[in-house]
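We count residues from 1, following the sequence as given.
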Amino acid sequence: MRFVDVTESSGIRFKHDNGARGAKWLPETMGGGVALFDADSDGDDDVLLLDGGALDGPASGLSKFYRNDGGCRFTDVTRGSGFDVPMCAMGVATADIDADGDVDVFVTRVGGYTLFRNDGALRFVDSTRESGLDGSALPDAKGPKTLPFPTSAAFLDADRDGRPDLFVAHYVRWSKETDVWATLDGKTKSYAIPDQYQGESCRLWRNLGGGRFEDVTIASGIRNDESKALGVCVLDANGDGASDIFVANDKWANFLFLNDGRGRFRDAALEWNVAYGPDGRARAGMGIDVGCLDDRGLPAVAIGNFSNEPVSLFELVRPGGDVFINRADPCGVAALTHKPLTFGLLFADVDLDGFEDLLLANGHIEPTIGDVHKDLAWKQPAQWLRNLGNRKFVDASGGPDSALAVPRVGRGLAASDFDGDGDVDFVLVDNGGAAVVIRCDIPAGRGLSVRLEATPDRRFDPLGARVVVEHADGFRQTRTVRSGSSYLSASSRTLHFGIGGRSPVSKVTVDWPSPVNAARTYERPFPATLILRP
């Protein structure tokens, strides 16, 4: 198992500009999102890398858009794509918002939102104004007038009407005028922590159809002005078929918004035991993802936290249950992640053995942290925590020749099978540094890729579809088509299942969401890439 840096041969040339010019403003250290999505509907994933740029003066960040030419090779098609506009971009989410059969792109930025409608032929149009997506603060929000500070985002069908709604995580009330002076050594300015700022409510936008949205933040029960959200993932926590929302907050209690099935939510994080760490304190949550630790199909949620706060690993105790247990300690995750500061975070079956592993993008927020805390570093290696299948994880990141071993200021992290060999590859964004394409090389590895598509006469985005791959010996793997997860990033919608040396796959079952609302079972034979329609 090898992780190989193929950035040079891939054709991707991107250096993230975080806007750092010496002022040490809060957003500088936060950015670096990436989206991997099939922009031209040709079956492979293209790459959008988001840039930041200077915060003092006109927007200067220039994102990059790359077409996938196959074989892990890309061509820069930014010019004329619609993405060639300056903005201080942060995060990204993708979905077919208007049911026209292609993938649209939503970008969060310091100061608001931008919605790019896919018009085909790798051309995107800024449709923010006509969409109704207004990223400004809620009318009666607490605190001084500041710039909106949205971070991660996710599409989900909150009200089960077949249209992708939009959840946007917001961080804190910040502006250049309200920037807090903080210090580590008592002499020089350092990047402030969120405790020193007023929170900003997350937002929920209902899809009205035709590319239009309305703000339902208050009516849905989502509003909480203490929110300091950086990561969001979508899951069905209680097994009722409705999409719930798990939010990782920075130095504030996490949220678990349970959906009543009609798009109204209540925060059940405290009663479900996911609001705080084991010590009863709020952790500095960054990236987040949901997966399964074994073949029982129970959702497990991992959250990347600050240095000296290990990764959280919550698992539901039983199907449809009402409490999670933090298994980070007994699974070995806590001991392996105590020192790093983890932003990007993904569940993925990296070694194709049937069990979902954890991939972590690490890096501190303060360049001078090593001067004050000798055991910490600003740039940190990424990590692959391999799931052994016995509820234990080990650090299998590899030696000094591994692409994960290079210290970086890791932020955005997303996965896709770029070269079509059945395993997952990754793009990792270095805040203020180069984006890196990491190819996984697995000798004799075997995987099954499942891509869900709508039919030409009934187009919809299959968000929330649950796919179960069952082997002849009864071993089961469960994945869900989701938007969001990781940090500021969007991974491929193709689902990957490792089959390794296991017994053959006997059947694949898909629980199709609205408007289908039915389960379908697909029998053998199964090619390496399986395209399923309802």
Side-chain angles (χ1 to χ4, degrees), residues 3-7 12 14-16 18 29-36 47-50 52 90-92 151-152 230-233 248 250 284-291 301-307 309-313 333 336-348 350 356-367 369 376-386 393 395-398 402-416 418 424-440 484-492:
F3 296 97
V4 183
D5 182 346
V6 294
T7 310
I12 288 182
F14 176 79
K15 185 177 187 299
H16 179 257
N18 60 13
T29 190
M30 307 301 293
V34 54
L36 311 182
V47 179
L48 175 64
L49 290 155
L50 300 182
M90 293 289 293
V92 60
T151 52
S152 297
L230 289 177
V232 56
C233 71
D250 189 358
M286 312 294 180
I288 185 171
D289 198 12
V290 57
V301 176
I303 302 175
N305 296 309
F306 209 77
S307 293
E309 293 180 345
V311 166
S312 302
L313 183 61
V333 170
L336 300 172
T337 59
H338 187 73
K339 288 298 180 185
L341 197 166
T342 301
F343 276 87
L345 177 151
L346 286 174
F347 276 104
V350 176
E356 289 189 280
D357 313 304
L358 280 170
L359 197 77
L360 312 177
N362 303 321
H364 210 278
I365 64 170
E366 176 53 54
I369 189 65
L376 299 178
W378 177 40
K379 296 185 177 184
Q380 302 172 3
Q383 291 174 283
W384 170 39
L385 304 188
R386 185 185 178 204
F393 287 78
D395 192 330
S397 307
S402 169
L404 303 184
V406 178
R408 300 181 177 92
V409 187
R411 295 295 182 262
L413 178 69
S416 173
F418 285 132
V424 287
D425 310 303
F426 304 93
V427 175
L428 188 156
V429 179
D430 186 338
N431 177 274
V436 58
V437 181
I438 299 175
R439 188 186 69 214
C440 291
S485 293
S486 189
Y487 174 72
L488 305 180
S489 300
S491 288
S492 172

I'd like to check the salt bridge (charged side-chain N to carboxylate O under 4.0 Å, His left out) partners of Lys15; sequence neighbours left out, ordered by chain and number. none

Report yes if the side chains of Lys339 and Leu376 come closer than 4.5 Å at any heavy-atom pair, otherwise no. yes

Between Ser152 and Leu230 (side chain of the first, backbone of the second, donor and acceptor by atom type, cut-off under 3.5 Å), is there such a pair? yes

CG of Leu488 to CG of Leu50, rounded to nearest 0.5 Å, is 8.0 Å

Shortest non-hydrogen contact between Glu356 and Phe393, atoms and distance: O-CE2, 4.0 Å

Check Ala284 against Glu309 and note the closest heavy-atom contact, atom names and distance. N-OE1, 2.8 Å

Kindly list each side-chain donor-acceptor pair under 3.5 angstrom involving residues 427-438, sequence neighbours excluded, with atom names and distances?
unit_1, atom_1, unit_2, atom_2, d
Asp430, OD1, Val409, N, 3.2
Asn431, OD1, Asn18, ND2, 2.9
Asn431, ND2, Glu28, O, 3.2
Asn431, ND2, Gly31, O, 2.9

Counting C-beta onward and ignoring hydrogens, is there a side-chain heavy-atom pair between Pro381 and Leu404 closer than 4.5 Å? no

Look only at the side chain of Gln383 and the backbone of Asp395, and say whether a donor-acceptor pair between them is shorter than 3.5 Å. no

Test of understanding: with ring pair (Phe, Tyr, Trp, His ring centres under 6.0 Å), list the residues that count as partners of His364, not counting sequence neighbours. Phe306

Residue pair Ile369 / Trp378: nearest heavy atoms and the distance that separates them: CG2-N, 3.6 Å

Quick one: list whatever passes ring pair (Phe, Tyr, Trp, His ring centres under 6.0 Å) with Phe418, sequence neighbours left out. Phe74

Cys233 versus Ser485, closest heavy-atom pair with distance: CB-OG, 3.4 Å

With sequence neighbours left out, what residues match Phe347 under ring pair (Phe, Tyr, Trp, His ring centres under 6.0 Å)? none

Apply side chain to side chain contact (heavy atoms under 4.5 Å, CB included) to Thr342 and list each qualifying residue two or more places apart in sequence or on a separate chain. Val311, Pro340, Leu345, Leu360, Asn362

Locate the shortest heavy-atom distance separating Ile288 from Gly231; write the atom from each residue and the value. CG2-C, 3.5 Å

Pairwise side-chain contact, Val47 with Ile12, heavy-atom cut-off 4.5 Å (strictly under): yes

Could you tell me which non-hydrogen atom of Arg411 sits nearest to which non-hydrogen atom of Met30, and how far apart they are? CD-O, 4.1 Å

Within the side chain of Ser486, is there an N or O that forms a donor-acceptor pair under 3.5 Å with the backbone of Gly344? no

Nearest-0.5 Å distance that lies between atom OG1 in Thr151 and atom OH in Tyr487: 6.5 Å

Within the 4.5 Å heavy-atom criterion, are Ile365 and Phe343 side-chain neighbours or not? yes

When you measure from the side chain of Ser397 to the backbone N and O of Trp384, does any donor-acceptor pair fall under 3.5 Å? yes

Could you tell me whether the side chain of Asp5 reaches within less than 4.5 Å of the side chain of Val406, counting heavy atoms only? no

Is any side-chain heavy atom of Phe426 less than 4.5 Å from a side-chain heavy atom of Val350? yes

